[in-house]
Amino acid sequence: MGNGPCPCKFRLGIEGQDAPATVTVTDPSGNETTFIGTINFSAEQCFTGGPNCNPAVNNFEINFDANNGDTINFTQGRRGTIACFDNTIATLMDGTAQATGNVLDGDFIVDFSYTIDTATDIATIVIMTVGEDGTVFQTVFDAPISPQTFIGDCDETVGPQ
């Protein structure tokens, strides 16, 4: 699993630990299933509170609970390539995670973007994963940012939280 370089650092989360979301899962044959429920998302890559980036900080997690009782989780998330833009956008490409729950399992490649609207402190989060068998999980949702959310360059520092 990737230990890519740290061109920047971020700590991302959503306020209240879950947000409404619609998820689409497409199986290798192209059949789509849509789930409606709540999602929790967090990611911490290269993050330190002071100046510097720490390559050992390398984690993200996605937990989705559908209204019908189905669950889809991506755990043990590790980075591929990360990027940050204007202290408001963080992306991860080609990360890896283990799918668990009662819908998906196995290893997945994960891409996500987290974009903050600074006027509202609402993030738009786009997640797409592809499993070893070609199964695709995708969602786009909006959620208030957590107070701990930070996106920045390695030389930037974070004040008290």
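Note that the structure is predicted; figures quoted are calculated from it, not measured.
Tested against C46, the residues I82, N58, N54 include a single side-chain contact (heavy atoms from CB on, under 4.5 Å) partner, I82.
In this view, D18 and T38 satisfy the side chain to side chain contact (heavy atoms under 4.5 Å, CB included) rule, not counting sequence neighbours.
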| Would C6 and C53 count as a disulfide (SG to SG under 2.5 Å) if you check the C-alpha gap in whole Å, the side-chain angles of each, and the deciding distance to 0.1 Å? | CA-CA 6 Å; C6 292; C53 284; 5.3 Å; no
| task | Decide yes or no on side chain to side chain contact (heavy atoms under 4.5 Å, CB included) for V25 and T135, but give the supporting numbers first. | result | CA-CA 7 Å; V25 175; T135 298; 3.8 Å; yes
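Taking the six-membered ring wherever Trp is involved, the centroid distance between the rings of F141 and F41 does not fall below 6.0 Å. Checked against the 6.0 Å centroid threshold, F74 and F137 count as a close aromatic pair.
When all heavy atoms of A21 and T139 are compared, the pair lying nearest together is CB-OG1, 4.1 Å. Considering every non-hydrogen atom in both D111 and M93, the closest pair reads OD1-CA, 3.3 Å.
D27 contributes a side-chain N or O that, together with a main-chain N or O of S29, makes up a donor-acceptor pair within less than 3.5 Å.
From L104, atom CG reaches atom OG1 of T71 across 9.5 Å, with rounding to the nearest 0.5 Å. Between T149 atom OG1 and D121 atom CG the span is 9.0 Å, to the nearest 0.5 Å. With values rounded to the nearest 0.5 angstrom, F112 atom CZ is found 8.0 Å from T91 atom OG1. With values rounded to the nearest 0.5 angstrom, D155 atom CG is found 8.0 Å from K9 atom NZ.
Cluster membership check: V103 shares its hydrophobic cluster with V110, using side-chain heavy-atom separations under 4.5 Å among Ile, Leu, Val, Met, Phe, Trp and Tyr.
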